[in-house]
Each structure stands twice: as structure tokens, then as C-alpha cells.
2 protein chains.
Amino acid sequence: MKSKISTAMIAEKAGVGVSTAGFVLSGKARKMKISEKTEKRVLDIARELGYVPNAMAKSLRSERSGIVGLLYNHLKHNWADESLNGIKQALGKRGYSVFLSTHQFDPELQMKEVELMLQHRFDAIICIPFKEGIEAYERILKTDTPLVFLNDTLDELPDINVVAWNAREAADTAMRHLIGLGRKRFAFLGWGDQRPMFRARLEAFRSCLQAADLPVNEDWIQTFPLAGSVRGEVERLFSDEANRPDAIFAGLDVYGIEAIGVLEEMGLRVPEDVALVGMGDQPGSGFPSIGLSSMAIPSEVLGSKAASLALELLDDPGNKVASKILISFNELIERRSSVR
Amino acid sequence: MKSKISTAMIAEKAGVGVSTAGFVLSGKARKMKISEKTEKRVLDIARELGYVPNAMAKSLRSERSGIVGLLYNHLKHNWADESLNGIKQALGKRGYSVFLSTHQFDPELQMKEVELMLQHRFDAIICIPFKEGIEAYERILKTDTPLVFLNDTLDELPDINVVAWNAREAADTAMRHLIGLGRKRFAFLGWGDQRPMFRARLEAFRSCLQAADLPVNEDWIQTFPLAGSVRGEVERLFSDEANRPDAIFAGLDVYGIEAIGVLEEMGLRVPEDVALVGMGDQPGSGFPSIGLSSMAIPSEVLGSKAASLALELLDDPGNKVASKILISFNELIERRSSVR
DNA sequence: GTGAAAGCGCTAACAA
DNA sequence: TTGTTAGCGCTTTCAC
């Protein structure tokens with residue numbers, strides 16, 4: 001039987017008023033000093049009838065949904081999985097639930113998802129910002145729904161609360177590690193994304209080289225689309241035996257992983273001829289045939305901090321919180337691609 | 001301003017009745033023969049006031065949420081991403097939205113998520129079944145909420161509608177490919193999961209060997225936990241130079257990927273000494289340093305079919321649909337691990 | 001074409 | 001302690 005059981009029916013069957021039944025069923029029996037006998041009777045009948053509370057009626061009345069929306073660009077790699085765990089844990093403790101959706105970097109799709117979350121009166125929204133999606137974020141702000149950016153900021157929306165990995169510091173660590181290995185000729189393979197935390201990787205690349213008095217070869221700085229292949233560029237970069245890099249800093253592991261394969265196909269040895277370090281410690285980097293050293297991203301912590309920030313926003317009626325939380329996490333996972 | 005704008009307010013401001021405003025705002029102006037002038041006035045005021053329809057009120061009244069819930073065990077690998085795309089596409093066409101959550105194989109967590117979805121009166125639920133989660137599925141069934149299993153069945157719940165990849169056929173294809181390479185001594189590395197579609201991999205292993213009059217060495221059949229490492233077993237299996245496998249069938253790519261690395265560390269050549277084929281074409285198998293041949297899983301198609309099945313269930317008031325859809329998809333992605 | 005009004009299930013203020 | 005009642009915002013029937 002489709003659950004059409006309401007508090008009123010239960011109240012009637014139990015021979016009590018709706019409010020009595022309501023209090024019991026929403027766990028406020030104690031607070032309202034309902035007699036244990038009555039409470040038990042109501043609960044028994046509810047169980048017997050297969051009562052399922054109607055969350056929409058509850059939210060409609062209480063003006064809050066108890067749900068935080070989570071908007072990912074995609075669920076690839078393990079990033080979403082890990083950060084979601086952090087988020088759910090932090091929000092669960094406070095009685096909030098999480099619903100998640102993705103938009104595959106499609107601004108229109110994102111707008112649709114946002115509209116849906118707003119219509120369902122989600123109490124807050126956490127999302128991974130991307131430049132083309134700005135309209136949707138502005139839409140959220142207009143409704144005064146608390147918004148938290150996870151993992152990056154947008155230059156165009158500088159006032160939004162954000163929790164992100166301090167990729168700049170991590171990239172510095174990675175670069176200093178490679179420089180410490182005695183490498184002199186550096187190439188950069190990175191994502192062409194222009195968000196601050198991705199630009200930071202290239203900035204670290206440049207500034208660490210300068211600080212170490214090493215040359216920055218602009219022709220060896222290459223960026224790619226997210227799902228792009230680095231094969232062609234790697235082959236080009238290493239075609240001139242007389243003048244080729246001896247180290248690669250990969251802004252995302254995925255580029256480093258592919259590069260290792262291409263280099264070995266070309267007969268170059270890793271790390272003897274070319275040392276590599278990547279960013280993000282993505283699944284794959286640790287496979288025995290790959291062994292790409294990488295800076296680990298603290299996904300779960302990021303998620304949990306973002307959730308906490310969202311909770312702060314929710315607790316603050318004025319929405320006045322303004323936090324830019326950069327998590328410093330500079331753990332280098334050393335693998336064969338950069339052993340001494 | 002927090003969106004506290006209701007249809008009633010808009011109606012008042014526009015000088016029309018609530019129902020008129022309601023018809024316009026829910027896109028039924030045409031059907032109700034509202035004059036274009038009135039329609040425009042209402043819409044203008046709605047926009048001006050920043051009206052956001054209240055989905056909970058709507059659902060409460062209309063007794064349907066327009067949401068299909070999706071319950072994954074985790075979001076690792078790219079499986080969730082791809083199947084979600086298929087699901088969203090199929091459901092979007094019919095005006096349904098999707099909300100997703102995960103439970104990390106924790107039955108209690110899954111039960112909580114299910115309870116939440118039921119309370120929110122999700123119109124249907126699609127999930128990846130796991131044995132320990134049975135209680136939750138029974139809970140769903142008791143409320144008469146349409147339920148679709150994606151990617152596998154459960155022996156204990158044979159009547160549930162399901163869409164899954166025909167892993168048996170695919171595994172047959174993989175095994176026949178290895179046998180066609182002339183390999184004689186086969187090892188199996190698989191997930192210890194007991195669901196039918198995972199058992200099918202091992203069944204295919206055995207039956208293909210028997211059909212080809214090749215020996216089945218029970219000691220070379222090894223299963224592992226999902227996140228387990230095959231290193232120890234692979235080292236053991238190949239320690240006896242006089243008697244070791246010349247082919248590995250990996251029930252999941254992840255085991256094959258690690259095995260390739262371990263084998264090469266041990267000085268064995270892939271595929272000359274050992275040929276491998278995996279299942280699922282997970283990200284990583286195609287990395288140049290790995291090159292694991294694999295049977296591709298049609299994730300997006302599976303998602304889309306599961307969504308269609310859910311829609312069928314929704315359309316059928318009696319809930320009488322009973323489909324077990326096994327998608328045959330036997331595409332072998334040939335990589336270096338099994339070239340002739 | 002448009003307006004009035006009932007009611008979805010739940011909460012909470014108010015009475016008793 | 002328990003019962004009564006007024007909405008929350010929306011849909012939809014019925015009357016004008």
C-alpha cells in the first residue's frame with residue numbers, strides 16, 4: 001500500500017489529538033510531556049500502519065528543508081567520492097542531509113540543477129565553481145541561499161565563502177623537491193583552466209625556478225584541456241636529444257601519468273632521464289607500473305571544512321560570514337618518478 | 001531578500017485571483033485560456049519580485065515529487081559518472097530530476113538514505129544492490145515505491161526489476177580471446193563479491209577452460225576485497241618458474257592493472273610471458289604504461305536503460321512490470337597486455 | 001477568462 | 001497532558 005498514512009489518521013486510530021500524535025511522531029514526546037502510554041500507543045500504530053513522515057509537508061511548514069545541495073562538475077577520479085564523505089559526515093552530525101548532482105561543465109545544466117535546488121528550498125548549496133557557471137552562482141546569491149565554493153575561487157566573485165586546497169604551497173613543495181633532485185631543465189604540463197588554484201600551479205613553477213636561478217623555457221610550458229592527451233607535446237618536447245627537459249611538473253596527475261608512459265615508449269628512463277611530480281595523487285599514480293610522485297590533496301578534509309562553513313552560514317542569520325579558507329597540505333607522496 | 005514570494009502575493013500585486021496567477025506560473029496559461037495580457041503582467045511581476053516556485057508545496061499538493069533517487073555504493077572509478085549521465089538524460093526528457101547519494105557499503109547509512117528518499121516521496125529509486133543492504137530494499141518495496149536495481153541482482157530478491165551488464169557473456173569473450181592467443185595456464189584474479197554478475201566472471205573462467213579442454217587450477221583462482229592488493233598473490237603465483245600461469249583473467253581491471261606492475265617488477269614480460277585481460281575498462285587501463293586489455297562496460301547505456309525501466313514502473317499504476325534486462329556488450333578493448 | 005475556496009500533511013500557538 | 005485550529009504555498013474544482 002502506497003504510504004498515504006498521515007499523522008491525523010494515526011491520531012484518530014489512537015484516539016488522541018493530531019498534535020499529540022504529531023509530537024510523538026516528531027520525537028518531541030518527552031519535551032511535551034506526553035505520557036509514555038500514549039507515546040507507545042501512537043508509535044505502535046504508526047509502525048503497524050507503515051507510517052512514513054512526509055518531509056515536504058514538514059519542510060513546507062517549518063520553512064527549512066534540512067538539505068544541503070552539492071553540485072559537482074563531474075564524478076571522475078576519486079575526488080567527488082572523498083570530498084562527499086567529508087561533507088556528509090560534517091553535515092550529518094547536525095542533522096542535515098546531502099543531495100548531489102553534476103553538470104559536466106555545462107552552464108545550462110548547472111543552472112537547471114540550481115533552480116531545482118532553490119525550488120526545493122535547499123538550506124545551502126556547496127559547489128565546485130567554474131567560470132562559465134557564474135550566472136548560476138549569482139542566481140543563488142540573489143535568493144540569499146548560503147553558498148560555499150569548494151576547491152577554488154572565481155576572480156569574478158571574490159566575496160563568496162570558499163574552502164580550497166592551498167595548491168600554491170603544495171606546488172611550491174613539489175617544485176622544490178624536483179629542484180632538490182638537481183634537475184635544471186623544467187617542463188610544465190598543466191590544465192588550461194584559469195581558476196586561481198590552477199593558475200597557482202604555474203605561478204609556483206615560475207617563481208620556484210626563478211628563486212633557484214634556473215631558466216624558465218616558455219616553450220616548455222604547455223597546457224591542455226581536462227581530458228586532453230599530452231602525447232603529442234611530450235613527443236615534441238623530448239624529440240631534440242640535445243636540448244630537452246630533465247624534469248616535468250604536472251599540474252594534474254593525469255598529465256604526468258600519460259607522460260611517464262610516452263617517455264618510456266620513447267626509450268627515456270624515469271626518473272634517471274626525466275623526473276616527474278604531479279598534483280592531486282589521483283588513482284593511477286600509485287599503480288606499480290606508473291609510480292608518479294604526487295602532492296596529495298586532502299579531499300575529505302576539504303569537504304568537511306566546506307560543510308562546516310556552510311553550517312556557519314546557516315547559523316548566522318545575517319549571512320555575514322566571509323571566509324576564505326585555504327587548507328595547507330603539503331604532503332608529497334614519493335614514488336619512483338622522483339626518487340633520487 | 002529571502003524568497004518569501006508566493007503565488008498569492010503575485011496574484012494580489014497583479015490584481016488577479018490566485019488561480020489565475022497559479023495557472024500562469026505553472027505554465028498552464030495556454031491551456032486555461034488566460035489572456036496574453038494577463039499572462040505577461042503576472043510573469044513580469046514574478047520576475048521582478050524574484051519569485052521562486054516552492055517545490056515542496058507543489059509536491060505536497062500534487063502527491064508526486066518529480067524526483068528519482070539514485071543510490072550508489074561509492075563514486076570511485078568513473079562508473080558513477082558515466083551511468084549518472086545516462087540516467088539523467090533519460091529522466092530529464094520526461095521531466096524528472098535526479099538526486100544522488102552514496103553509502104559506502106554501509107547498510108545503516110544506506111537505510112538512512114533510503115528513509116530520507118521515502119520521506120521526501122521520491123517517485124522512484126534506482127540503486128546498485130549489495131547483499132548486506134537487503135533490509136533497505138525491502139523497506140522500499142513495502143512503501144510501493146518503484147525500485148530498480150542497476151548493474152546486478154540479488155539472489156535473495158529475485159523479483160526486483162533490474163538492468164545489468166551481461167558480464168557472463170563479456171567474460172566469455174575475454175576468456176575466448178586469451179585462449180585464442182594460445183595460452184594454456186590460466187589464473188583468475190577477481191573480486192570476492194558474491195553477486196550474480198561477479199560470480200559470472202568466475203563461472204565464465206571455468207566453463208571456457210573446460211570447453212577448451214584446458215586445466216582449471218584451483219590454486220590459481222584468487223579473490224580479493226574491492227580495495228585489496230593482489231601483489232602478494234601474484235608474487236606467490238609466479239614464484240615457481242617451472243609451473244606458473246601464462247594468462248590472467250582479471251574480474252575487475254584494478255586487479256589486472258596492479259598485476260601488470262607486479263609482474264614487470266618481477267622481470268616477467270607482458271604479454272610474452274603473461275597475457276592479461278580485465279573487465280570494465282576502468283580509467284587507468286588505457287594509460288600507456290599499463291595497456292591492460294579489457295571488456296568495456298556500457299555504463300551510460302546501463303544508466304539510461306535503468307532510468308527507462310523506472311519510468312515504465314512509474315507509468316504502470318499496478319507496478320506490474322517485471323523486467324530483467326541484461327545488456328549484451330562484448331567489446332574487447334585490445335591493448336598491449338594481450339596482443340598476439 | 002477569472003475568482004473563491006478546499007485541502008495536501010505537518011507544526012505550533014493557544015485553549016482547555 | 002491533551003485537543004483545536006490556523007496556516008505554510010500550491011493545485012484544482014466549481015461557480016460566476
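In what follows, chains are A, B, ... by sequence order, proteins preceding strands, each numbered from 1.
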Open item on the list: Need to verify one output field. Residue with the more 5' nearest nucleotide on DNA chain C, K33(B) or S26(A)?
Closed with: K33(B)
Open item on the list: Can you identify which nucleotide, out of dG9(C), dT2(C), dG3(D), has its nearest atom closest to the A57(A) side chain?
Closed with: dG9(C)
- [ ] Write down the distance between CE (M32(B)) and C1' (dG1(C)), rounded to a whole number of angstrom.
- [x] 11 Å
- [ ] Could you check F122(B) against F99(A) for ring-ring contact (aromatic ring centres under 6.0 Å, His included), going step by step and ending with a plain yes or no?
- [x] CA-CA 12 Å; F122(B) 280 16; F99(A) 283 126; 5.4 Å; yes
TODO: Just call it for S59(A): base, sugar-phosphate, or nothing, with non-hydrogen atoms closer than 4.0 Å on any strand.
DONE: nothing
Task: Position toward the 5' end of DNA chain D (nearest nucleotide), F23(B) or V16(A) - done: V16(A)
Task: R64(A) CZ - dA12(C) P separation (whole Å) - done: 11 Å
- [ ] Starting at atom NZ of K28(B), determine the distance to atom P of dT2(C), rounded to an integer number of angstrom.
- [x] 17 Å
- [ ] If the plane angle is over 60° it's perpendicular, under 30° parallel, otherwise tilted; pick one for Y137(A) and F130(A).
- [x] perpendicular
TODO: Could you check whether M56(A) gets within reach of a base, just the sugar-phosphate, or nothing at all, counting any heavy atom under 4.0 Å?
DONE: nothing
Open item on the list: Could you tell me how far apart I5(A) (CD1) and dC8(C) (P) are, to the nearest whole angstrom?
Closed with: 14 Å
Open item on the list: Whole angstroms only, please: what is the CZ-P distance between R61(A) and dC8(C)?
Closed with: 16 Å
Task: Residue that, paired with F149(A), satisfies side-chain contact (heavy atoms from CB on, under 4.5 Å) out of I126(A), L309(A), L157(A), I125(A) - done: L157(A)
Task: Per L60(A) side chain, nearest of listed nucleotides dT2(D), dA12(C), dG9(D) - done: dG9(D)
Task: E39(A) CD - dT2(D) P separation (whole Å) - done: 10 Å
Task: Selection from dC10(D), dT2(C), dC8(D) that lies nearest to any side-chain heavy atom of N54(B) - done: dC10(D)
Task: Euclidean distance, atom NZ of residue K58(B) to atom C1' of dG9(C) [Å, nearest integer] - done: 19 Å
Open item on the list: When you measure from the side-chain N and O atoms of T20(A) to the phosphate of dG3(D), is any distance below 4.0 Å, counting only OP1 and OP2?
Closed with: yes
Task: 5′-ward residue of the pair S35(A)/S19(B) relative to DNA chain D - done: S35(A)
Task: Value in whole Å for how far the P atom of dC10(D) lies from OH of Y51(B) - done: 4 Å
Task: V18(B) side chain, from C-beta outward: closest of dT2(D), dA5(C), dG1(C) - done: dA5(C)
Open item on the list: Once rounded to the nearest 0.5 Å, what's the spacing between atom OG of S97(A) and atom CD of E115(B)?
Closed with: 11.5 Å
- [ ] Compare side-chain N and O positions of T38(A) against OP1 and OP2 of dT1(D) and report whether any pair is under 4.0 Å apart.
- [x] no
Task: Q104(B): partners by side-chain hydrogen bond (donor to acceptor under 3.5 Å, both in side chains), with sequence neighbours left out - done: D81(A), N85(A)
